[in-house]
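To start, the structure itself, in structure tokens.
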Amino acid sequence: MLDLSLIRTNPSAVADAMRVKGIGDPSIVDRIVDLDVRQRECVTQLQQLQAESNSSAKKIGELMRSGRRDEASPLIKANADAKEKLQELEADSRTLSDELDDLLLELPNIPHESVPVGATPEENVTIGEFGERPSFDFDPKPHWELLEIHGLVDFARGSKVTGAGFPFYIGKGASLQRALINFFLDEAGRKGYTELQTPIVVNEDSARGTGQLPDKEDQMYVVARDEFFLIPTAEVPVTNFHREEIFAEADLPKQYAAYTPCFRREAGSYGSDVRGLNRLHQFDKVELVKFVHPDASYDELESLREDAEDLLRKLKLPYRRLLMCTGDMGFTQAKKYDLEIFSGGQNRWLEVSSISNFEAFQARRSRIRFKPSAGGQPRPLHTLNGSGLALPRIVAGILENYQTADGSITIPDVLVPYTGFVSI
RNA sequence: GGAGGGAUGGCAGAGCGGUUGAAUGCACCGGUCUUGAAAACCGGCAUACCUUCGCGGGUAUCGAGGGUUCGAAUCCCUCUCCCUCCGCCA
């Protein structure tokens, strides 16, 4: 959610943001401005009437106590008469502010000035390539063939038990995932993130708080009977962990790491890139989330990105860093980096982390604030998150980049203490 | 799932339907005292919104929504959540 006062003072900036993001209908900004004016007129009128009625009621109380009932009765009648008008204004005010709130929830976040304007993924900016791509003196296999050869994942039985995109991991395949989860969490802990285990279903307020609603409603699985949503990322429960809370300024920043399964319907995204582990309906991820002071959020974004990249360096996976253009950013982000690893068996880049600054967008929706130590009103803080990291594509990358001529796979050194085996 | 109890400010905890946005204690912040600290004393300390250039003024909020009343934290209804006991179960 955006600051209403910004919309008042600079509505065109908001409409422009919607255009460069390609999200929503910019004309709703005008409707918001109009509604806002009408709402405030209505509230002012209502509060004036309430003030009159309050002071009259107080007077009645005094008269009644001193036994001057006859003097009170005309006041009582007048107040009773005013009541209808009062209720009318109350209803109007409520209707207007509900309408206003609904529209405000439709506005996407405004991109940061450092974000390149662009409409398609082709206009994302590659900032750098790091690490060494593997070179093979044999024909490298894609990971789905390696999974098959070693019996690491069972897609067919996953489909039988649940549906496409819900695989079983077997034996060393399962162990490798568990090793990665532990490695990621241990690294995060070392870097000062507090580990959190979270619910993996959330209620509607939480889904709205982080901006999945109304934007990503179709991407979430719903437990209709209990009105829960399966989380598409740990960002949702972790950010909402502090929903409706006010921090002391000195308590910032707060940072958390959480491993969770993630559930995504991926409606409308079938295509050639969904083979093997490339795109699943359920996958595992360790997510890093920060609650920070507004002045610090862009520094924190870089440090969060560094924390994620550090994992790729330690795993010795070649990767590139992309700065997403306005059109390829989501509804909620002000600035976003993607990290993609180069996976040798498919000879293509796979997104394994997305690192975003939401500025006050989520915090305003979720009412997560801090109280300035210099005094004054609580202010929304800034939230950030980044994958650290998403598992299946890391597994794909390890299998493809660490495969050897005889079809076996070498476990990256840093993972060996976690797997307990050196090869598959 | 069955039975009962509860929900008040950061926490604890009062609150006859009429200066109760709310006593009191703790915590916290500022000050006095002290060489310093502690103690003691004095003062401050919720959130959202409207209005004003500002000082200030006003409105709403005692789990949520609705109702009764001139007036509701206080009475009535509905819902949500929490706790205790029983049942079931990891």
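None of the values given here were measured: they were computed from a predicted structure. Every chain is numbered from 1, with letters handed out A, B, ... down the list of sequences. What you see below is based on every heavy atom in this structure, not just the backbone, and it leaves out hydrogens, waters and symmetry mates.
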So which protein nitrogen or oxygen atoms get under 3.5 Å of nucleotides 45-48 of chain B's nitrogens or oxygens?
unit_1	atom_1	unit_2	atom_2	d
B:U47	OP1	A:Lys371	NZ	2.4
B:U47	O3'	A:Arg369	NH1	2.9
B:A48	OP1	A:Arg369	NH1	2.5
B:A48	OP2	A:Gln377	NE2	2.7

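Nucleotide B:G1 forms a Watson-Crick or G-U wobble pair with B:C86, both donor-acceptor distances falling under 3.5 Å. Both distances falling under 3.5 Å, in either a Watson-Crick or a G-U wobble arrangement, place B:C41 opposite B:G31. If you check B:A46 for Watson-Crick or wobble pairing at under 3.5 angstrom, you find it paired to B:U61. Across all strands shown, B:U24 forms a Watson-Crick or G-U wobble pair with B:A12, both key distances being under 3.5 Å.
The salt bridge (Lys or Arg N to Asp or Glu O under 4.0 Å) test applied to A:Arg208 returns A:Glu204, A:Asp205, not counting sequence neighbours. Contacts of A:Phe241 classified as ring pair (Phe, Tyr, Trp, His ring centres under 6.0 Å), with partners at least two apart in sequence or in another chain: A:Tyr256. By the salt bridge (Lys or Arg N to Asp or Glu O under 4.0 Å) test, A:Lys336 pairs with no residue at all, sequence neighbours left out.
When the P atom is compared between B:C77 and B:C85, the two are found 28 Å apart, to the nearest whole Å. Comparing the same atom, C1', in B:C55 and in B:A39 gives a spacing of 39 Å after rounding to whole Å. Rounded to the nearest Å, the gap between the P atom of B:C75 and that of B:G18 is 12 Å. Taking atom P on both nucleotides, B:C89 is separated from B:U80 by 26 Å, rounded to a whole Å. Using P as the reference atom, B:G31 and B:C49 are 31 Å apart when rounded to the nearest Å. Spacing of P atoms, B:A7 relative to B:A73, comes out at 16 Å, to the nearest Å. Comparing the same atom, P, in B:U74 and in B:G66 gives a spacing of 14 Å after rounding to whole Å. Nucleotides B:C76 and B:G6, compared at atom P, are 12 Å apart to the nearest Å.
A donor-acceptor pair under 3.5 Å is formed between the side chain of A:Asn240 and the backbone N or O of A:Ser206. Put simply, the side chain of A:Asp25 never gets that close to the backbone of A:Ile28: no donor and acceptor are under 3.5 Å apart. Under the 3.5 Å distance criterion, the side-chain polar atoms of A:Lys314 are left unmatched by any main-chain donor or acceptor of A:Asp413. A distance-only check finds no donor-acceptor pair linking the side chain of A:Ser297 to the backbone of A:His293 [under 3.5 Å]. Side chain of A:Arg393 to main chain of A:Val352: no donor-acceptor pair is present (N/O by atom type, distance under 3.5 Å, no hydrogens or angles).
The separation between A:Asp251 atom CG and B:C28 atom C1' is 12 Å, rounded to whole Å. Distance A:Asn79 CG to B:A72 P: 10 Å, rounded to the nearest Å. Taking atom CZ on A:Phe370 and atom P on B:C28, their separation rounds to 22 Å, with Å as the unit. What separates CD of A:Glu204 from P of B:A64 is a distance of 19 Å, to the nearest Å. The distance between atom CZ of A:Arg38 and atom C1' of B:C50, rounded to the nearest whole Å, is 18 Å. Distance CG (A:Asp36) to P (B:C50): 8 Å, rounded to an integer number of Å. One can place CZ of A:Arg367 at 11 Å from P of B:C49, the figure rounded to the nearest angstrom. The distance between atom CD of A:Glu245 and atom C1' of B:C11, rounded to the nearest whole Å, is 15 Å.
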Applying side-chain contact (heavy atoms from CB on, under 4.5 Å) to A:Val236 and A:Thr198, what does each step give before you reach the verdict? CA-CA 10 Å; A:Val236 182; A:Thr198 80; over 6 Å; no

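Contacts between residues 87-98 of chain A and RNA chain B, counted as heavy-atom distances below 4.0 Å, involve A:Arg94. Residues from residues 44-62 of chain A placing a heavy atom under 4.0 Å of any atom in RNA chain B, listed by number, are A:Thr44, A:Gln47, A:Gln50, A:Ala51, A:Asn54, A:Ala57, A:Ile60, A:Gly61.
Between A:Gln39 and A:Leu75, the one whose closest nucleotide on RNA chain B sits nearer the 5' end is A:Gln39.
One side chain, A:Lys335 or A:Ser114, offers a donor N or O that lies under 3.5 Å from an acceptor on the other.
Looking at A:Lys141 and A:Glu400, no side-chain N of the basic residue comes within less than 4.0 Å of a carboxylate O on the acidic one, giving no salt bridge. A salt bridge links A:Arg190 with A:Glu187; the closest basic N to acidic carboxylate O contact falls under 4.0 Å.
For the pair A:Arg305 and A:Tyr337, the distance from NZ or CZ to the six-membered ring centre is under 6.0 Å and the angle to the ring normal is within 45 degrees.
Contact annotation for A:Lys83: base contact, defined as any heavy-atom pair under 4.0 Å involving a base atom.
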